[in-house]
Amino acid sequence: MKKIITTSVLLLNCICLLLAQQNNQPKAELTGNISFDVSQPFGYVQFVELTIGDGGTGPYKAVMTGDTSLSTHTIYRPADLTKFVSKERLPVVVYGNGGCRNGSVEVRNLLFELASHGFMVIAVGPVKNAIFEDWAPERNMSDPKSMTTAIDWAIEQNSIKESHFYGKIDVDKVAVMGQSCGGAMAMAVANDPRITTIIMWNSGLFETPPSFLNPDNQNQEGAPRMSMPIVPKSELKNLHGSIA
(Lines give C-alpha, C1' and ligand atoms only; values in the text may rest on other atoms or scores of the structure.)
Protein backbone atom coordinates (compact mmCIF):
# COMPACT_ATOMS: atom_id res chain seq x y z
CA MET A 1 0.00 0.00 0.00
CA LYS A 2 2.84 2.40 0.86
CA LYS A 3 4.43 1.76 -2.54
CA ILE A 4 1.13 2.49 -4.32
CA ILE A 5 0.64 5.73 -2.38
CA THR A 6 4.23 6.82 -3.06
CA THR A 7 3.84 6.08 -6.76
CA SER A 8 0.56 8.00 -6.85
CA VAL A 9 2.15 11.02 -5.18
CA LEU A 10 5.03 10.98 -7.66
CA LEU A 11 2.59 10.72 -10.57
CA LEU A 12 0.54 13.61 -9.19
CA ASN A 13 3.70 15.71 -8.81
CA CYS A 14 4.66 14.99 -12.43
CA ILE A 15 1.19 15.99 -13.64
CA CYS A 16 1.32 19.23 -11.64
CA LEU A 17 4.79 19.98 -13.00
CA LEU A 18 3.62 19.40 -16.59
CA LEU A 19 0.59 21.64 -16.06
CA ALA A 20 2.81 24.36 -14.62
CA GLN A 21 5.12 24.11 -17.60
CA GLN A 22 2.18 24.33 -19.99
CA ASN A 23 0.90 27.43 -18.22
CA ASN A 24 4.29 29.05 -18.74
CA GLN A 25 4.34 28.32 -22.46
CA PRO A 26 3.99 31.35 -24.76
CA LYS A 27 0.65 31.75 -26.49
CA ALA A 28 0.61 30.38 -30.02
CA GLU A 29 0.87 33.15 -32.59
CA LEU A 30 -0.94 31.20 -35.30
CA THR A 31 -4.03 29.30 -34.13
CA GLY A 32 -7.08 27.85 -35.82
CA ASN A 33 -8.55 24.68 -37.24
CA ILE A 34 -7.41 22.85 -40.36
CA SER A 35 -9.46 20.04 -41.88
CA PHE A 36 -7.93 17.52 -44.25
CA ASP A 37 -9.39 15.44 -47.02
CA VAL A 38 -6.39 13.49 -48.27
CA SER A 39 -6.82 10.70 -50.79
CA GLN A 40 -3.16 9.70 -51.05
CA PRO A 41 -1.92 6.70 -49.06
CA PHE A 42 -0.35 7.51 -45.66
CA GLY A 43 -1.80 11.05 -45.78
CA TYR A 44 0.88 12.39 -48.13
CA VAL A 45 -0.13 15.93 -49.12
CA GLN A 46 0.88 17.23 -52.54
CA PHE A 47 -1.03 20.52 -52.62
CA VAL A 48 -1.98 23.00 -49.89
CA GLU A 49 -4.08 26.15 -49.98
CA LEU A 50 -4.20 28.40 -46.90
CA THR A 51 -5.75 31.76 -46.05
CA ILE A 52 -4.02 33.95 -43.47
CA GLY A 53 -6.18 36.59 -41.82
CA ASP A 54 -8.85 37.99 -44.11
CA GLY A 55 -7.01 37.18 -47.33
CA GLY A 56 -6.23 40.81 -48.11
CA THR A 57 -8.41 43.89 -48.61
CA GLY A 58 -8.45 43.78 -52.42
CA PRO A 59 -11.31 42.56 -54.63
CA TYR A 60 -9.83 39.04 -54.88
CA LYS A 61 -9.42 37.20 -51.59
CA ALA A 62 -5.98 35.61 -51.64
CA VAL A 63 -4.57 32.23 -50.66
CA MET A 64 -1.09 30.94 -50.02
CA THR A 65 -0.22 27.74 -51.85
CA GLY A 66 2.61 25.40 -52.66
CA ASP A 67 3.04 23.38 -55.81
CA THR A 68 5.05 20.21 -56.35
CA SER A 69 6.31 21.65 -59.63
CA LEU A 70 7.81 24.58 -57.67
CA SER A 71 8.30 23.20 -54.16
CA THR A 72 11.11 25.67 -53.43
CA HIS A 73 8.75 28.67 -53.55
CA THR A 74 5.49 29.93 -52.04
CA ILE A 75 2.69 31.22 -54.24
CA TYR A 76 0.32 33.97 -53.12
CA ARG A 77 -2.60 34.38 -55.51
CA PRO A 78 -6.33 35.10 -55.73
CA ALA A 79 -8.34 32.12 -54.51
CA ASP A 80 -10.79 32.22 -57.42
CA LEU A 81 -8.90 31.92 -60.69
CA THR A 82 -12.02 31.73 -62.85
CA LYS A 83 -12.17 35.54 -62.97
CA PHE A 84 -8.86 35.73 -64.82
CA VAL A 85 -9.21 35.21 -68.53
CA SER A 86 -7.56 36.65 -71.64
CA LYS A 87 -8.51 40.28 -70.91
CA GLU A 88 -7.72 40.18 -67.19
CA ARG A 89 -4.69 38.13 -66.30
CA LEU A 90 -2.33 37.94 -63.34
CA PRO A 91 0.84 40.07 -63.48
CA VAL A 92 3.77 38.33 -61.77
CA VAL A 93 5.70 39.60 -58.75
CA VAL A 94 8.72 37.57 -57.64
CA TYR A 95 9.80 38.34 -54.06
CA GLY A 96 13.15 37.86 -52.30
CA ASN A 97 13.39 38.21 -48.52
CA GLY A 98 15.76 40.24 -46.38
CA GLY A 99 18.85 38.60 -44.92
CA CYS A 100 18.91 36.24 -47.92
CA ARG A 101 16.45 34.12 -45.90
CA ASN A 102 14.74 31.35 -47.79
CA GLY A 103 11.21 32.26 -46.75
CA SER A 104 8.60 35.02 -46.58
CA VAL A 105 7.17 34.62 -43.08
CA GLU A 106 7.88 38.24 -42.06
CA VAL A 107 5.99 39.74 -45.01
CA ARG A 108 3.28 37.21 -45.76
CA ASN A 109 0.51 39.69 -44.83
CA LEU A 110 1.91 42.18 -47.35
CA LEU A 111 2.17 39.50 -50.04
CA PHE A 112 -1.40 38.43 -49.32
CA GLU A 113 -2.44 42.06 -49.78
CA LEU A 114 -0.67 42.30 -53.13
CA ALA A 115 -2.24 39.06 -54.34
CA SER A 116 -5.72 40.24 -53.32
CA HIS A 117 -5.40 43.05 -55.88
CA GLY A 118 -4.99 40.61 -58.74
CA PHE A 119 -1.31 39.66 -58.72
CA MET A 120 0.47 36.33 -58.67
CA VAL A 121 3.24 36.69 -56.08
CA ILE A 122 5.91 34.00 -56.11
CA ALA A 123 8.07 34.24 -52.99
CA VAL A 124 11.41 32.53 -52.59
CA GLY A 125 11.22 29.74 -50.00
CA PRO A 126 8.80 26.82 -49.46
CA VAL A 127 5.39 27.14 -47.82
CA LYS A 128 6.60 25.80 -44.47
CA ASN A 129 9.00 28.76 -44.27
CA ALA A 130 6.08 31.12 -44.85
CA ILE A 131 4.18 29.64 -41.90
CA PHE A 132 6.98 29.12 -39.38
CA GLU A 133 10.26 30.97 -39.14
CA ASP A 134 12.63 28.09 -39.70
CA TRP A 135 15.78 30.16 -40.01
CA ALA A 136 19.03 28.24 -40.23
CA PRO A 137 21.75 30.00 -42.27
CA GLU A 138 23.51 26.84 -43.35
CA ARG A 139 20.46 25.53 -45.20
CA ASN A 140 18.19 28.49 -45.81
CA MET A 141 20.14 30.89 -48.00
CA SER A 142 18.50 32.12 -51.18
CA ASP A 143 20.16 33.45 -54.32
CA PRO A 144 19.24 35.35 -57.52
CA LYS A 145 18.76 32.10 -59.48
CA SER A 146 15.68 31.43 -57.36
CA MET A 147 14.06 34.52 -58.89
CA THR A 148 14.64 33.48 -62.49
CA THR A 149 13.44 29.98 -61.58
CA ALA A 150 10.12 31.52 -60.49
CA ILE A 151 9.82 33.44 -63.77
CA ASP A 152 10.59 30.29 -65.78
CA TRP A 153 7.89 28.43 -63.88
CA ALA A 154 5.22 31.11 -64.32
CA ILE A 155 5.79 31.29 -68.09
CA GLU A 156 5.69 27.52 -68.37
CA GLN A 157 2.50 27.17 -66.32
CA ASN A 158 0.78 29.78 -68.46
CA SER A 159 1.37 27.61 -71.54
CA ILE A 160 0.48 24.17 -70.15
CA LYS A 161 -3.15 23.29 -70.87
CA GLU A 162 -3.32 20.93 -67.89
CA SER A 163 -2.22 23.70 -65.49
CA HIS A 164 -4.87 25.60 -63.53
CA PHE A 165 -2.84 28.73 -64.43
CA TYR A 166 -3.17 28.10 -68.17
CA GLY A 167 -3.77 31.40 -69.98
CA LYS A 168 -4.26 33.27 -66.69
CA ILE A 169 -0.79 34.79 -66.21
CA ASP A 170 0.32 38.04 -67.82
CA VAL A 171 3.85 36.99 -68.76
CA ASP A 172 4.49 40.43 -70.28
CA LYS A 173 4.26 42.04 -66.84
CA VAL A 174 6.90 40.63 -64.52
CA ALA A 175 8.29 42.46 -61.47
CA VAL A 176 11.13 41.32 -59.22
CA MET A 177 11.01 42.76 -55.72
CA GLY A 178 12.89 42.35 -52.49
CA GLN A 179 14.00 43.83 -49.20
CA SER A 180 17.69 44.32 -48.33
CA CYS A 181 19.37 41.18 -49.71
CA GLY A 182 16.20 40.49 -51.70
CA GLY A 183 16.53 43.91 -53.32
CA ALA A 184 20.09 43.12 -54.36
CA MET A 185 18.85 39.81 -55.73
CA ALA A 186 16.30 41.73 -57.80
CA MET A 187 19.04 44.00 -59.15
CA ALA A 188 21.24 40.99 -59.91
CA VAL A 189 18.64 39.63 -62.35
CA ALA A 190 17.33 42.98 -63.62
CA ASN A 191 18.98 42.57 -67.01
CA ASP A 192 16.68 39.62 -67.77
CA PRO A 193 14.63 40.86 -70.76
CA ARG A 194 11.46 39.27 -69.33
CA ILE A 195 11.51 41.61 -66.33
CA THR A 196 9.58 44.87 -66.73
CA THR A 197 9.94 46.37 -63.23
CA ILE A 198 12.21 45.97 -60.22
CA ILE A 199 11.48 47.16 -56.68
CA MET A 200 14.13 47.47 -53.96
CA TRP A 201 13.30 48.15 -50.29
CA ASN A 202 16.00 49.24 -47.81
CA SER A 203 18.57 47.97 -50.23
CA GLY A 204 21.33 49.14 -52.50
CA LEU A 205 24.67 48.41 -54.10
CA PHE A 206 28.24 48.59 -52.81
CA GLU A 207 31.24 50.39 -54.25
CA THR A 208 33.39 48.03 -52.18
CA PRO A 209 31.44 45.08 -50.72
CA PRO A 210 32.08 44.56 -46.97
CA SER A 211 33.96 41.43 -45.95
CA PHE A 212 30.92 39.78 -44.32
CA LEU A 213 29.42 39.29 -47.79
CA ASN A 214 32.32 37.10 -48.84
CA PRO A 215 30.84 33.57 -49.07
CA ASP A 216 34.25 32.10 -48.19
CA ASN A 217 34.14 33.70 -44.74
CA GLN A 218 32.73 31.73 -41.82
CA ASN A 219 31.11 33.01 -38.66
CA GLN A 220 31.95 31.71 -35.20
CA GLU A 221 29.45 28.85 -35.46
CA GLY A 222 30.91 27.71 -38.76
CA ALA A 223 27.81 28.61 -40.78
CA PRO A 224 28.17 30.50 -44.06
CA ARG A 225 28.04 34.25 -44.11
CA MET A 226 25.15 36.09 -45.72
CA SER A 227 24.98 35.19 -49.41
CA MET A 228 23.92 38.65 -50.55
CA PRO A 229 24.87 38.98 -54.23
CA ILE A 230 27.66 41.40 -55.01
CA VAL A 231 26.22 43.63 -57.73
CA PRO A 232 28.48 46.39 -59.10
CA LYS A 233 26.99 49.78 -59.86
CA SER A 234 27.81 49.24 -63.51
CA GLU A 235 24.77 46.94 -63.60
CA LEU A 236 22.56 50.03 -63.38
CA LYS A 237 23.36 50.64 -67.05
CA ASN A 238 21.61 47.38 -67.91
CA LEU A 239 18.23 48.45 -66.53
CA HIS A 240 15.65 48.35 -69.30
CA GLY A 241 12.45 48.88 -67.29
CA SER A 242 11.06 50.95 -64.45
CA ILE A 243 12.54 50.84 -60.94
CA ALA A 244 11.16 51.82 -57.55
Side-chain angles (χ1 to χ4, degrees), residues 49-53 55-67 69-81 83-84 88-127 129-130 142-159 163-165 167-203 229 239-244:
E49 185 174 295
L50 303 173
T51 299
I52 303 294
T57 64
Y60 311 102
K61 292 305 177 184
V63 292
M64 178 174 68
T65 71
D67 196 296
S69 61
L70 191 69
S71 59
T72 52
H73 292 64
T74 303
I75 304 163
Y76 299 80
R77 61 164 176 83
D80 185 2
L81 293 174
K83 299 179 180 179
F84 297 91
E88 185 176 5
R89 293 177 294 164
L90 295 161
V92 177
V93 178
V94 180
Y95 175 80
N97 204 21
C100 306
R101 288 188 292 279
N102 194 34
S104 54
V105 65
E106 299 102 322
V107 293
R108 64 179 176 226
N109 287 3
L110 171 63
L111 302 186
F112 260 98
E113 183 65 21
L114 288 175
S116 75
H117 289 274
F119 291 87
M120 170 181 280
V121 182
I122 307 174
V124 174
V127 170
N129 290 1
S142 57
D143 60 67
K145 291 181 181 179
S146 57
M147 289 191 148
T148 53
T149 296
I151 298 172
D152 294 340
W153 178 85
I155 293 174
E156 181 182 38
Q157 291 296 306
N158 189 60
S159 63
S163 171
H164 47 287
F165 298 115
K168 299 181 182 300
I169 302 174
D170 192 342
V171 296
D172 294 324
K173 295 179 180 178
V174 177
V176 287
M177 174 177 72
Q179 188 263 334
S180 191
C181 175
M185 287 167 55
M187 178 59 74
V189 300
N191 61 351
D192 188 317
R194 301 171 299 179
I195 295 171
T196 52
T197 299
I198 79 166
I199 303 169
M200 302 173 71
W201 307 340
N202 305 330
S203 188
L239 288 175
H240 57 269
S242 57
I243 181 171

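Side-chain atoms of R101 and E106, non-hydrogen and from C-beta on, do get closer than 4.5 Å to each other. In this structure, S180 and C100 have side chains that are not in contact, with every pair of non-hydrogen atoms separated by 4.5 Å or more. Proximity of L70 to Q157: side-chain heavy atoms (C-beta onward) are nowhere separated by under 4.5 Å. In this structure, the side chains of R77 and V63 come closer than 4.5 Å at one or more pairs of heavy atoms. For the pair R89/M120, no side-chain contact is recorded, criterion being any heavy-atom separation below 4.5 Å from C-beta on. Put simply, the side chain of I151 does not reach to within 4.5 Å of the side chain of V92, judged on heavy atoms. Looking at heavy atoms from C-beta onward, V124 lies out of side-chain contact with D143 at the 4.5 angstrom threshold.
Under a 3.5 Å cut-off, the side chain of N158 and the backbone N or O of K168 do form a donor-acceptor pair. Judged by distance alone, the side chain of T74 and the main-chain N or O of G125 form a donor-acceptor pair under 3.5 Å. When atom types are taken as modelled, the side chain of N202 and the backbone of Q179 share no donor-acceptor pair closer than 3.5 angstrom. Listed for the K61 side chain is no donor-acceptor partner under 3.5 Å among the backbone atoms of G55. Checked by atom type and distance alone, the side chain of T65 never pairs as donor or acceptor with a backbone atom of E49 at under 3.5 Å.
Looking at every heavy atom in both residues, P229 comes nearest to C181 through CD-SG, 4.0 Å. Across every non-hydrogen atom of L111 and S104, the tightest pair is CD1-CB, 3.9 Å. A62 approaches A115 most closely through the heavy-atom pair CB-CB, 3.7 Å. Of all non-hydrogen atoms in L114 and F119, the two that sit nearest each other are O-CD1, 3.3 Å. The two residues F112 and L50 make their nearest non-hydrogen contact at CZ-O, 3.7 Å.
With rounding to the nearest 0.5 Å, the separation of OG in S146 from CD1 in I122 is 11.0 Å. Taken from CD1 in I198 to CE in M187, the straight-line distance is 3.5 Å, to the nearest 0.5 Å. Distance check: M147 CE to H73 NE2 gives 8.5 Å after rounding to the nearest 0.5 Å. In this structure, the separation between CD1 on I199 and CE on M177 is 5.5 Å, given to the nearest 0.5 Å. With rounding to the nearest 0.5 Å, the separation of NE2 in H117 from CG in L90 is 14.0 Å. Taking CG from D67 and CZ from F165, the interatomic distance works out to 6.5 Å, rounded to the nearest 0.5 Å.
A salt bridge links R194 with D192; the closest basic N to acidic carboxylate O contact falls under 4.0 Å.
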Check against side chain to side chain contact (heavy atoms under 4.5 Å, CB included), W153 and I75:
CA-CA 11 Å; W153 178 85; I75 304 163; 3.4 Å; yes
Kindly indicate, with the supporting measurements, whether the criterion side chain to side chain contact (heavy atoms under 4.5 Å, CB included) is fulfilled by Y76 and Y95.
CA-CA 10 Å; Y76 299 80; Y95 175 80; over 6 Å; no
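Within 6.0 Å of the NZ atom in K173, the count of heavy atoms belonging to other residues, nucleotides or ligands does not exceed 12.
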